[in-house]
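Have a look at the structure below before the remarks.
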Amino acid sequence: MLRILWVITLLLVASYSVASERVVNERPKIGLALGGGGAKGAAHIGVLKVLEELNIPVDYIAGTSMGAYVAGMYASGLSADEIEQRMLGTDWSRGFSDKVSRDSLSYRKKKQTEQFMLQSDIGFDGKKIALPHGVIQGETMARLLRESTLNLPYFTSFDSLPIPFRAVAVDLASMQPYVLDSGNLANAMQASMSVPGVLRPMEIDGRLLADGGIVNNLPVDVLKEMGADIVIAVDIASPLSSKEQLDSYLMVLDQLTNFMTQSSTQQQIALMTEQDILIQPAINAFGTGDFERMAQILPLGVVAAQLQRHELASLSVSEQDYQRYHASKMTVRAGIPVGDEFVVDRVEVATDARLAEETILARLKVVEGEPYTEQQLEKNIEALYAEGVFERVDYGFDMREGERVLNVYAKEKPWGPGFFDFMAGMEETSGDSTDIYFGLSYTQTDLSRYGAEWRNRLILGTKTLLSTELYFPLDVEQKFYWDGEIYYLADQRNYFFPDEAGSEELRYWRADYSTLGLATSLGINLASHAILELGGLVETGELELVGSSFDSRFHFYSPYLYLGVDSLDHPFFPTKGTRFTSKLQWIEGENDSLKDHGWRGELQWQNVHSWQRHVVELNAQYAGTELETRIPTLLPELGGYQNLSGFLHHELSGPHKVFAAVVYRYRLFDNDFGAIKLPVYLSGSFEQGNIWQNSRDIRVDNMLTAASLGISVDTRLGPITLASGWAEGGNNAVYFFLGSRL
C-alpha cells in the first residue's frame, strides 16, 4: 500500500513539474540588449535591479562595449547587486594604462626605466620603424576583466552559461559586426570594449576585433536571431554635440565617433516592434570616461526603468516561477569552476617568441598539483609582461579528462624585436650652470632562448653619454647572468677651493672631463628586486680646467662586489619599500703618473613609510677610499637638493663622506585625470653630513646641518621640482629640475 502511495506521489510531482515547465516554456522569451557607452554602462545595473524587482526573467542577453561587460557578468549568473559591487570596486582608469607596477619590474628594469622615463614602445626590426597596434596594449584591462569574472573557463558555446550570451565587436578587416558566441568570457568582453586607436584590438578566431559600437551599439538583431520574442533594449549612447561644443579637434573626432554609434543604434531601434521595450536613461550630463562618477550614474538606470514600470510589469512572472528560473541559473552557475584559489594539474604554454617555454614557466612559478591564488598568478603574469618582449600575456583555464589545465598565451610584439625609449632633463641651480640633456635608448630583445638583450644609450647636451651593453642570462630561470658594457662619458663639474688663505668663501674652476670605460660582471638575481654581482671595471679619462692649460689624465682598474636591493614602489615619490646598495672595490689607479692603490667602499640606504597622504623617508650614505690620488669618478662628494641642500653640486668632495637625512612628503593634490595622473607633492628635509680628508676626523659634532623645502609634480617625463635649500654657514641655493636626472 505504501509503495502504491509513493508511486502516486511521484506521478503528481512529475505532472506538476511538467505543467510548470509548460507554463515557463509557453511564456515569451525575453532578450536584454545592453548598449555601449563607457562609464555610462553603470546605468545598466540600475535597469537590472528593476527587472529583478519585477520578477522579469532574462532568457538571452547581448551587449556591446561596456554593455558586453555587464551582459557577460549577468549571463554568468551574478545578480545586479553583485555586478554593482564588482563594477564600482574596479579602478577602470587603470585599464586604460599599460603602466606596470614597479613591484613587478626586475632590478635591472627598474634602473633602466628610472633613467629613460618615456617608454615609447616604438619598434625597429633593422629595416623600418613600426608602431604598436594601439596606444594601450590592454594587458591591464585584461587583468581587470579576469578579476571580475573570476577566471571562468573556456566555453565552447556561451549558450552553456546560466543565460545564453553574445558580445558584439567589429571585424576591422571588413568593418562588419562580429558576434562572439564562444571562448574566454573576459577576452570576448575586451574585444567588444577595445576602442580603436586607444586599446589594442583583440585577435580572436583569426580576426582583428575592436569595439563594436560603430557597427552595432545596441544588438537587438542578435537577440532576435538567438530566439528572443520580446527585446528590452537599454540605450546609453552619447548624443551629438552642438556647434558651440565643437571647439577642438578632439571634440570633432568624438563627434564623428558619436555619429557612427548613433547611426548603428538607430538602425537597431528601427528593428524593434511594438511589444519590445526601449529604455533610455537620462545620462547625457555624463561622459564615457566618467568612471569616478559611476555611483551617480547607476541610480539613473533605476529611474529610467521605473518610468516604464507599467510596460515592464507585463513581462513579470509569478514569484514561484521566478524562483524556479533563478534556481535553474544558480544550478548552472554552481557547475562552472571559478574562484580566486585553485590547483593547476597541468600548464601548457603557447608562444611565438624565441624565449624558451621553460623560461616562461619558470617566471610564472606555477607548481603543478599545488594550490595557487589568482593574485599570485596575476602578479607573475605582470612580471613576465614587464620584461617588454610581449604584446600580450594571457591565460585561461579549461577542464580536460578531469584535469584543470592552465593555458598561457605569450604573444611577442610584432613591431620589434628592437624598441626605442627616450628621456629629457634639465637641472638648474642658483649660482651654478644649467644642465640640459636629451637621450635615446635602443634595446634589441629576444636574442636568446633565455632572454638576452643588447641595449644602447645615447645622451646629448651639457652631459654626453654613449654606451653599449649586452645582458645575457645563463640559465632557464634567468637567475644567473653575464653583463658587459662599454661606455663613454663627457661631463662638466666644478672644483671648489677657498678664495684665499683662511677665507670661508669658495671659488671654483669649471672642469671638463671625459672617461672611457669597460665593465663586465657575473651576477645572481637573488630576487626580483635584488642582485649580487662580482665584476671588473677599467676606466681611463682626462680632465681639463676651462680657461687654463691644466690637463690631467687618469686611469684605473678595479674588481668589485656589488649588492643592490630596490623594493620602492616609485623611483622618485615612493610610499613604501627599501633601497639599499653596497659596493666594495679594490682600486689600482694612476693619475698624472702617480700610481696608487687601495680599497673604496660605498653604502646607500633609503627606507620609506607612509600613512594616508603622509610619507617619511630615512636616508643614509657612506663612502670612503684609501686612495690619495683624486680620480674624479671615484671621489665621494656632497651638495645639491636633499644631498646637503644649500650647497652647490660637487661643492664638497674628499676621501670620506657621511650623510643622513629625514624627508617628509605630503601629497597635496591627486590630479587624477583617469589615464593621466599628475600628483603634486610638498616636501621638506632635515639633513646632516660632511666630507673629511681623514677618517679619524669623522665626528657628529663637525657635521654640517642643512634643510630644504620644495614642491614637485610627478609626470610621465619625470618629476618637476622647484625647491630651496639652506645649510649652516650662510649657504643657500634654489633648485629647479625637470625630467630625468643623471
Side-chain angles (χ1 to χ4, degrees), residues 69 72-73 76-78 82-107 109-110 136-154 184-187 189-190 291 333 336-349 359-387 390 392-399 403-410 477-478 525-530 566-570 574-578 610:
Y69 169 81
M73 298 291 280
S76 66
L78 298 181
E82 289 175 308
I83 300 173
E84 176 185 5
Q85 184 179 7
R86 295 191 192 182
M87 190 179 203
L88 299 188
T90 299
D91 183 3
W92 291 100
S93 61
R94 282 179 52 217
F96 294 92
S97 171
D98 270 336
K99 187 175 181 180
V100 177
S101 67
R102 198 168 190 267
D103 292 340
S104 297
L105 297 176
S106 65
Y107 186 89
K109 290 293 182 183
K110 287 175 182 176
I136 301 163
Q137 299 310 304
E139 185 70 20
T140 307
M141 180 64 78
R143 177 173 181 171
L144 295 179
L145 295 175
R146 287 194 297 259
E147 289 173 349
S148 286
T149 59
L150 296 180
N151 285 307
L152 288 168
Y154 182 94
N184 181 282
L185 184 62
N187 286 349
M189 290 175 177
Q190 187 169 354
F291 294 105
R333 176 180 171 179
I336 301 174
V338 296
D340 57 2
E341 186 169 309
F342 43 81
V343 173
V344 177
D345 298 306
R346 191 165 77 251
V347 184
E348 294 184 359
V349 175
T359 298
I360 295 175
L361 286 171
R363 295 300 301 274
L364 292 176
K365 302 176 184 176
V366 177
V367 179
E368 296 177 352
E370 293 190 7
Y372 216 74
T373 67
E374 179 190 29
Q375 186 177 10
Q376 289 173 303
L377 182 56
E378 289 288 358
K379 183 177 181 180
N380 293 335
I381 287 284
E382 185 179 45
L384 183 61
Y385 177 74
E387 289 301 302
F390 299 107
R392 178 77 179 260
V393 181
D394 206 351
Y395 71 89
F397 294 95
D398 61 29
M399 299 298 297
E403 290 187 323
R404 189 180 181 95
V405 181
L406 171 62
N407 301 288
V408 179
Y409 314 95
E477 295 183 356
Q478 297 180 325
N525 287 305
L526 301 174
S528 62
H529 60 278
D566 187 350
S567 61
L568 299 180
D569 60 349
H570 193 288
T575 61
K576 62 180 180 179
T578 298
S610 66

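Owing to the predicted nature of the structure, the values given are computational and were not obtained by experimental measurement. All values below were derived from every heavy atom in this structure, side-chain atoms included, with hydrogens, water molecules and symmetry-related copies excluded.
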Inset, instruction - Supply the atom-to-atom distance H529 NE2 to D566 CG, rounded to the nearest 0.5 angstrom. - result: 9.0 Å
Legend entry - Expected output: side-chain D398 to main-chain Y154 donor-acceptor under 3.5 Å: no
Legend entry - For the student: nearest non-hydrogen atoms of A410 and I360, plus distance: CB-CD1, 4.2 Å
Legend entry - N/O donor-acceptor pair under 3.5 Å between R363 side chain and L384 backbone: no
Inset, instruction - Report yes or no: does E139 contribute a side-chain atom to a donor-acceptor pair with the main-chain N or O of E382 at less than 3.5 Å? - result: no
Inset, instruction - Please round to the nearest 0.5 Å and tell me the distance separating atom CD of E387 and atom OG of S106. - result: 5.0 Å
Legend entry - Nearest heavy-atom neighbours spanning R333 and S76: CG-O, 3.7 Å
Inset, instruction - Could you tell me which non-hydrogen atom of S610 sits nearest to which non-hydrogen atom of T575, and how far apart they are? - result: OG-O, 2.8 Å
Legend entry - Inter-residue atom distance M141.CE - Y69.OH, 0.5 Å rounding: 10.0 Å
Legend entry - Spacing of CD belonging to E348 relative to CG belonging to L361, to within rounding of 0.5 Å: 10.5 Å
Legend entry - Enclosure of Q85 CD (heavy-atom neighbours >12, cutoff 6.0 Å): no
Legend entry - Short N-O contact, R143 and E147, less than 4.0 angstrom: yes
Inset, instruction - Kindly compute the distance separating CE (M189) from OG (S148), expressed to the nearest 0.5 Å. - result: 7.5 Å
Legend entry - T578 (side chain) donor-acceptor with S567 (main chain) under 3.5 angstrom: no
Legend entry - Main-chain N/O of L144 paired with W92 side-chain donor or acceptor, under 3.5 Å: no
